[in-house]
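Taking it in order: structure first as structure tokens, then the write-up.
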Amino acid sequence: MIDATLPLGGAVLLPVLAAAVAACLPHRARPWLGVLASLTTLVVVVLAVVSNLTGSVQTELGGWTPPLGIGLRLTGPGALLILMTALVGTAISLYAAALPAGTGGPAFWPLWLGCWAGLNAVYVSDDLFNIYVALEVVTLAAIALVALGGPPAWSAAFRYLMIGVVGAMLFLLAVGLIFAQTGTLELHAATDSLGGTTAALAVSLAATGLALKVALMPLHGWLIPAHSAAPAAVSPLLSALVVKASLYVLWELVLLLPQAGALLAWVLGALGYSRCSAGRSWRCARAGSSPSSRTRRSRRPATGSSRCRSSSPTTRARPPPAPPPRRRWPAPCCSCSATAWPRPRCS
Amino acid sequence: MSTGTFFVLVAITLFSLGLVRVALAADHLARLVALNVMGAGTLLVLVVLAARSAPIDPVLSALAITGLVITVAFTGVGLVLAERIETARAQEDARHREPGAGEPE
């Protein structure tokens with residue numbers, strides 16, 4: 001087996017190092033470092049994928065074997081996703097360096113590189129708990145990236161945070177249960193000796209938690225405001241990369257559990273399909289200019305909105321409103337009829 | 001009822017109470033507190049699982065500690081966000097109260 005320590009470890013540690021250095025650099029130097037780090041990571045990832053062409057590669061960092069150290073393993077799907085991440089990531093870095101206005105500020109660079117490190121760690125981990133930690137790194141960086149969108153994005157970021165933590169806790173419970181039954185955290189070793197009620201419970205908990213993070217059909221409410229309120233360079237990053245990390249973990253779990261996995265795969269497939277069709281009909285319904293509860297509040301709050309809020313006696317108890325999906329919609333407000341299009345400006 | 005079962009029940013209660021509050025509360029701070037209650041429930045399950053053997057299972061304790069650290073990180077980010085949202089809302093309200101006081105409905 002080819003020694004894959006350098007490419008597998010480098011794919012994770014290089015972006016971490018770049019993120020730490022970028023955080024210390026002056027703002028003007030960050031795009032240069034970001035582009036340099038992106039291109040280097042792309043090369044390292046291509047090396048890792050090439051070493052994977054003959055079959056799964058695995059390695060132990062620093063020579064520590066799994067019960068003590070963390071095993072790294074790059075499988076076929078992982079190689080595909082890590083390569084996709086590197087290609088999309090390099091494109092995003094080039095775009096962000098060329099158009100700094102779309103990034104939401106210089107804090108973009110450390111956060112994005114940290115997020116990339118987390119993504120690569122998810123794809124090369126062979127350890128359930130390491131996957132959990134890497135998913136958390138990705139989620140935390142993604143929340144901060146959404147919050148770069150400015151005041152309208154903060155509510156969406158907060159909601160994303162809630163969802164992310166709830167999903168992570170369900171996944172952590174599942175990891176604990178799997179470890180308690182099998183005595184190992186290694187993904188491929190754990191699934192061999194997994195069975196019975198504990199396995200069913202653990203897999204349903206993990207599937208629910210990851211479905212929250214992937215935004216499968218009934219649990220998808222957080223995604224639309226978060227992804228649309230984010231800055232221009234962050235939005236593709238979230239949709240193309242961050243969601244895929246949880247999806248990959250879900251995929252691994254389904255693939256490694258032959259019997260329960262088949263049923264789970266059908267359920268998840270049905271939910272995914274229903275999300276596609278429901279998403280489309282939802283968009284059509286909105287195009288018919290019926291006021292949706294989601295677009296209730298504007299990002300630049302119209303003068304009407306504060307009046308509406310103060311008319312309610314429980315102003316403080318209202319849930320944080322989600323920003324509307326697109327800026328081009330004028331602000332709907334309570335004092336004017338929201339059914340007319342173009343909507344009249346409230347004064 | 002064994003000690004383990006008792007603590008698992010406590011953990012499930014904490015987790016459910018926290019989850020309900022996270023889903024239903026509107027106040028940002030209340031949601032963050034509920035999130036931490038939920039986290040306590042999750043980590044208690046790990047601790048109970050760790051305490052099944054006579055010397056405590058070090059791997060599960062490590063999981064619980066790492067889980068704590070991650071929850072603290074998320075709570076910190078959540079507090080910053082909540083503070084900023086509340087400040088922005090207060091400024092927005094103040095801005096609308098001044099010129100809009102005599103505005104016709």
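Sequence lines set the chain letters: A, B, ... in the order given, protein chains first and strands last, and positions in each chain run from 1.
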Please work out whether the ring planes of A:Phe158 and B:His28 are parallel, tilted or perpendicular, with thresholds of 30° and 60°.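 The rings of A:Phe158 and B:His28 stand perpendicular, inter-plane angle above 60°.
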What's the separation between atom OG1 in A:Thr139 and atom CG in A:Leu161, rounded to the nearest 0.5 Å?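 Going from the OG1 atom of A:Thr139 to the CG atom of A:Leu161 covers 9.5 Å.
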Determine the option with the most heavy-atom pairs under 4.5 angstrom with chain A, choosing from B:Val45, B:Val80, B:Leu60.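 When all of B:Val45, B:Val80, B:Leu60 are compared, B:Leu60 has the most.
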When B:Asp57, B:Val22, B:Leu43 are compared by non-hydrogen pairs under 4.5 Å with chain A, the top option: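 Of the options given, most contacts go to B:Asp57.
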Engaged part of [X] at the chain A interface, taking heavy atoms whose separation is under 4.5 Å:
{"X": "B:Leu63", "answer": "both"}
{"X": "B:Ala82", "answer": "both"}
{"X": "B:Leu35", "answer": "both"}

Should the pair B:Arg97-B:Glu92 be classified as a salt bridge under the 4.0 Å nitrogen-to-oxygen rule?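 No, no charged N to carboxylate O under 4.0 Å.
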Using distance alone, with no hydrogens and no angle criterion, decide if B:Thr71 and B:Asn36 have a side-chain donor and acceptor under 3.5 Å apart.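 No, B:Asn36 and B:Thr71 have no side-chain donor paired with an acceptor closer than 3.5 Å.
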Taking all heavy atoms of B:Thr13 and all of B:Leu9, pick out the closest pair and write down the distance.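 Closest pair (atom of B:Thr13, atom of B:Leu9, distance): OG1-O, 2.6 Å.
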Contact class of A:Leu172 relative to chain B, heavy atoms under 4.5 angstrom: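 Both parts, backbone and side chain.
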